[in-house]
S.K.: 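Please read through the structure below; I'll follow up with questions.
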2 protein chains.
Amino acid sequence: MDLTEANELIINSLKKNYIITIFCSCSVEYTGRAKSYIARGDRLIIIKHDGTVLVHKPDGRSPVNWMPSKTFISPIIEDEMLTIKCSNSGEAMNAKIFEVYNITAAPLLDIEQLRINGTESDMSNMIYANPTLISEDFVPSSREEQTKYGFLDVFGHNGKGELVIVECKRYTASLDAVTQLRRYVERVKKTRGVKKVIGVIAAPNISNNAAKMLNDWGFTYKSINPPDRFPEKEKSQRKIKEFY
Amino acid sequence: MDLTEANELIINSLKKNYIITIFCSCSVEYTGRAKSYIARGDRLIIIKHDGTVLVHKPDGRSPVNWMPSKTFISPIIEDEMLTIKCSNSGEAMNAKIFEVYNITAAPLLDIEQLRINGTESDMSNMIYANPTLISEDFVPSSREEQTKYGFLDVFGHNGKGELVIVECKRYTASLDAVTQLRRYVERVKKTRGVKKVIGVIAAPNISNNAAKMLNDWGFTYKSINPPDRFPEKEKSQRKIKEFY
DNA sequence: ATATAGATCTCGTCA
DNA sequence: TGACGAGGTCTATAT
């Protein structure tokens, strides 16, 4: 397709707030949070009506380059190339198009929103509703709340005056999860001025190193699967006991 | 476009390993790592030759639904709808297409790879090459290495026999950054059997809470801008001294 | 606007 | 293959 023709089509489609897909050969340079460059190759460029721009290689899940919504987009013919100039406050991306194979533009209407479950939030709700998943004596008092101690997945006590903090993870709990729990436990200890706070990791699995660190810090692990997931494969089940 | 015709076009394009874009009205259900559903709306579906599938709403940077590469894709006419059935080990996504506005399919060839700089890795390299950025007496001995102590951004000593660990962050250092540093410091202390290890956060900014935690743990903060970035705005500069 | 933490995170790397 | 950490992460939420 002729580049001048392509340029006009893009400009008209931008005016109409169409979503635009461009099959083309292009190079892309980016400056902003980092700097990047990719030499000429065949790619798919997507321009959305909110100013989002995506550049996709022929494979891979993630765009090789992109600009977030509210980006200012101005296509221009320059040096016999069609350059899509994109900029916002602090970032700039230029896609230099050498050849256009196809342009499609259309208005798309979508007022629906994704409904999802099986998230970490659902997991903490499940635990809140079924506290015996943690222990027989666990009494939850808040869930997923920005308390003055910070954001705690599930917070409560054990009926003996000891506070309990549960940190949920949907997958294998890592060192990060344990340090996170530790941070929460210490904050509550400090704020409440108590010596003992029970810290619990609730996750389907826990990594070897994380389990060791958990043990070092006197926390406990409870194997819990998040709701609405495929059952874990047996081989990936870890036995927490082996670490004690 | 007729759904049967669309179905055949998709099947043929899949056989040829083309990248396929579908402007359509569809609903999408997903089961796997979570469960999700989005009701009928206009969307752009992208199928790549490596088995990646993306479903994009008319706005927003991220796909509303997706399947990773190596997904098995089988389009089928069912109940007067064109369903794109996608599955791999553990996940399944079905896009039920009610109406097709446009299908474009083409072979794209791209052998180029993105070259990028200004990452955290570049930042640790910069510090390694210019140790006085941290302090006058800092002597780095390794950078970004998976040592037996774990992954350390920059590791060295101060010439007085005291070990120094530098954790780099490209943006405002958060509580997470401090807990991470703390984990590294303790690991090195334990492994080397020394009482004192100097922990340093190198970042352009640090959050208020992170600075307090840093102070509590006796670590230090050094304001350093990562290379190849736009200069920080003055207003966003934090004064570390106010926390001490 | 900043801070915080999750995500169907994705992606690379290294043991 | 799992573990670990970065990312131009993105996104939502709370302050």
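Basis for what follows: all heavy atoms, side chains included, without hydrogens, waters or symmetry-related copies. Letters A, B, ... are given to chains in the order of the sequence lines, protein chains preceding strands, and every chain is numbered from 1.
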S.K.: Write down the distance between CG (A:Leu114) and P (D:dT11), rounded to a whole number of angstrom.
M.R.: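 My rounded result for the distance is 13 Å.
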
S.K.: Rounding to a whole Å, what distance do you find between A:Ile206:CD1 and D:dG2:P?
M.R.: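 Rounded to whole Å, this separation is 17 Å.
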
S.K.: Just N and O in the side chain of A:Ser207: are any of them under 4.0 Å from OP1 or OP2 of D:dC4?
M.R.: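 For A:Ser207, the contact criterion (side-chain N or O under 4.0 Å from OP1 or OP2 of D:dC4) is met.
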
S.K.: CG of B:Asp176 versus C1' of D:dG7: gap in Å, rounded?
M.R.: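 After rounding, the reported distance stands at 14 Å.
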
S.K.: For the pair made of CG in A:Asp59 and C1' in C:dT10, what is the distance, rounded to whole Å?
M.R.: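 The distance from CG of A:Asp59 to C1' of C:dT10 comes to 14 Å, rounded to the nearest Å.
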
S.K.: Does any N or O donor sit under 3.5 Å from an N or O acceptor when you compare the side chain of A:Glu120 with the base of C:dG6?
M.R.: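 Such a pair does not exist between side chain and base.
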
S.K.: Considering only NZ, NE, NH1 and NH2 on the basic side and carboxylate oxygens on the acidic side, decide whether B:Glu91 and B:Arg33 come within less than 4.0 Å.
M.R.: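 Yes, this pair counts.
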
S.K.: Identify whether a stacking contact exists between A:Tyr30 and D:dG8, where the ring centres must be under 5.5 Å apart and the planes under 30° apart.
M.R.: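 Stacked: centres under 5.5 Å apart, planes under 30°.
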
S.K.: Between B:Gly60 and B:Cys168, name the one whose nearest nucleotide on DNA chain D is closer to the 5' end.
M.R.: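 The residue closer to the strand's 5' end, by nearest nucleotide, is B:Cys168.
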
S.K.: What nucleic acid atoms does B:Val28 come within less than 4.0 Å of, heavy atoms only: base, sugar-phosphate, or nothing?
M.R.: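 Nothing, no heavy atom under 4.0 Å.
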
S.K.: If you draw a 6.0 Å radius around CD in A:Gln113, do more than 12 non-hydrogen atoms from other residues or ligands fall strictly inside?
M.R.: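 No - once you tally the heavy atoms of other residues, nucleotides and ligands closer than 6.0 Å, there are 12 at most.
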
S.K.: Which whole-number value in Å describes the distance from A:Asn117 CG to C:dA7 C1'?
M.R.: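 Nearest whole value for this atom pair: 15 Å.
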
S.K.: Hey, is the side chain of B:Ser62 poking within less than 4.0 Å of OP1 or OP2 on D:dT11, counting only N and O atoms?
M.R.: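 For B:Ser62, the contact criterion (side-chain N or O under 4.0 Å from OP1 or OP2 of D:dT11) is met.
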
S.K.: When you compare the side chains of B:Thr52 and B:Asp50, does any donor N or O come within less than 3.5 Å of an acceptor on the partner?
M.R.: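 Yes, B:Asp50 and B:Thr52 have a side-chain donor paired with an acceptor closer than 3.5 Å.
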
S.K.: Closer than 4.0 Å, any side-chain N/O of A:Tyr171 to the OP1 or OP2 of D:dA3?
M.R.: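 Answer no for this pair, as no side-chain N or O of A:Tyr171 is under 4.0 Å from OP1 or OP2.
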
S.K.: Given D:dA3, C:dA3, D:dG7, which nucleotide is nearest the side-chain atoms of B:Arg170?
M.R.: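 Nearest listed nucleotide: D:dG7.
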
S.K.: Which part of the nucleic acid, if any, lies within contact of A:Met67, taking any heavy atom under 4.0 Å across all strands shown: a base, the sugar-phosphate backbone alone, or nothing?
M.R.: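 Base contact.
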
S.K.: Pairs of donor and acceptor atoms involving the side chains of residues 59-75 of chain A, under 3.5 Å and at least two apart or interchain, shall be tabulated with distances.
M.R.:
from	atom 1	to	atom 2	distance (Å)
A:Asn65	ND2	A:Ser36	OG	3.4
A:Thr71	OG1	A:Pro68	O	2.7
A:Thr71	OG1	A:Asn88	ND2	3.4

S.K.: Ignoring backbone atoms, test whether B:Trp66 places a side-chain nitrogen or oxygen under 4.0 Å from the OP1 or OP2 oxygen of C:dC9.
M.R.: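 Looking at the OP1 and OP2 atoms of C:dC9, neither is under 4.0 Å from any side-chain N or O of B:Trp66.
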
S.K.: Does A:Asn65 reach a base, just sugar-phosphate, or nothing at all? Heavy atoms under 4.0 Å.
M.R.: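 Here A:Asn65 touches the bases of the nucleic acid.
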
S.K.: Between A:Asn208 and D:dG2, is there a contact of a side-chain N or O with OP1 or OP2 at under 4.0 Å?
M.R.: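 No, A:Asn208 has no side-chain N/O under 4.0 Å of OP1/OP2 on D:dG2.
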
S.K.: D:dA3 C1' sits how many Å from A:Lys212 NZ, rounded?
M.R.: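 In whole Å, D:dA3 C1' lies 12 Å from A:Lys212 NZ.
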
S.K.: With a cut-off of less than 4.0 Å, is there a side-chain N or O of B:Lys169 near OP1 or OP2 of D:dA6?
M.R.: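 So the side-chain polar atoms of B:Lys169 do come within 4.0 Å of the phosphate oxygens OP1 or OP2 of D:dA6, strictly under.
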
S.K.: At under 4.0 Å between heavy atoms, what does A:Ser36 touch on the DNA or RNA strands: base, sugar-phosphate, or nothing?
M.R.: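 Nothing, no nucleic acid heavy atom in range.
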
S.K.: When you compare C:dA7 with D:dG5, how far apart are their C1' atoms, in angstrom units rounded to a whole number?
M.R.: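 Between the two C1' atoms, the distance is 16 Å.
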
S.K.: Using a strict 4.0 Å threshold on nitrogen-to-oxygen distance, state whether B:Lys190 and A:Asp216 make a salt bridge.
M.R.: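 Looking at A:Asp216 together with B:Lys190, the answer is yes, because their closest N to O distance falls below 4.0 Å.
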
S.K.: Is the phosphate of C:dT10, meaning OP1 or OP2, less than 4.0 Å from a side-chain N or O of B:Arg61?
M.R.: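 Negative; the distance criterion is not met.
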
S.K.: Could you tell me if the side chain of A:Leu181 sits less than 4.5 Å from the side chain of A:Phe219, heavy atoms only?
M.R.: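 Touching, per the 4.5 Å side-chain cut-off.
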
S.K.: Using the C1' atom as the point on both nucleotides, what is the distance between C:dC9 and C:dA5, in whole Å?
M.R.: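 13 Å, rounded to whole Å.
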
S.K.: Ignoring hydrogens, what is the shortest heavy-atom contact between B:Asp110 and A:Pro58? Give both atom names and the distance.
M.R.: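 Between these two residues, the closest heavy atoms are CB-CD, 3.5 Å.
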
S.K.: Report yes if a side-chain nitrogen or oxygen of A:Arg33 is closer than 4.0 Å to either non-bridging phosphate oxygen (OP1 or OP2) of D:dA6; otherwise report no.
M.R.: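 Result: no.
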
S.K.: Between D:dA6, D:dA3, C:dA5, spot the one nearest the side chain of B:Leu175, thanks.
M.R.: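 Comparing D:dA6, D:dA3, C:dA5 against the side chain of B:Leu175, the answer is C:dA5.
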
S.K.: Which residue lies toward the 5' end of DNA chain D, A:Pro68 or A:Ala210, if each is placed at its nearest nucleotide?
M.R.: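 Upstream on the strand: A:Ala210.
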
S.K.: Strictly below 4.0 Å: does B:Arg187 bring a side-chain N or O up to OP1 or OP2 of D:dC4?
M.R.: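 No, because none of the side-chain N or O atoms of B:Arg187 sits under 4.0 Å from OP1 or OP2 of D:dC4.
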
S.K.: Roughly, in whole Å, what's the span from NZ in A:Lys70 to P in D:dT11?
M.R.: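 About 11 Å, once rounded to whole Å.
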
S.K.: Rounded to whole Å, please give me the gap between CG in B:Leu152 and P in C:dC14.
M.R.: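 Atom CG in B:Leu152 sits about 15 Å away from atom P in C:dC14.
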
S.K.: Counting only side-chain N and O atoms of A:Tyr184, is one of them less than 4.0 Å from OP1 or OP2 of C:dA5?
M.R.: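 Yes.
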
S.K.: Provide the distance between the two C1' atoms, one in D:dG7 and one in D:dT11, to the nearest whole Å.
M.R.: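 Roughly 14 Å separates the two C1' atoms.
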
S.K.: Should B:Gln180 be listed as having a side-chain N or O under 4.0 Å from OP1 or OP2 of D:dA6?
M.R.: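 For B:Gln180, the contact criterion (side-chain N or O under 4.0 Å from OP1 or OP2 of D:dA6) is met.
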
S.K.: Using atom P of each nucleotide, how far apart are D:dC4 and D:dG8 to the nearest Å?
M.R.: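 To the nearest whole Å, 23 Å.
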
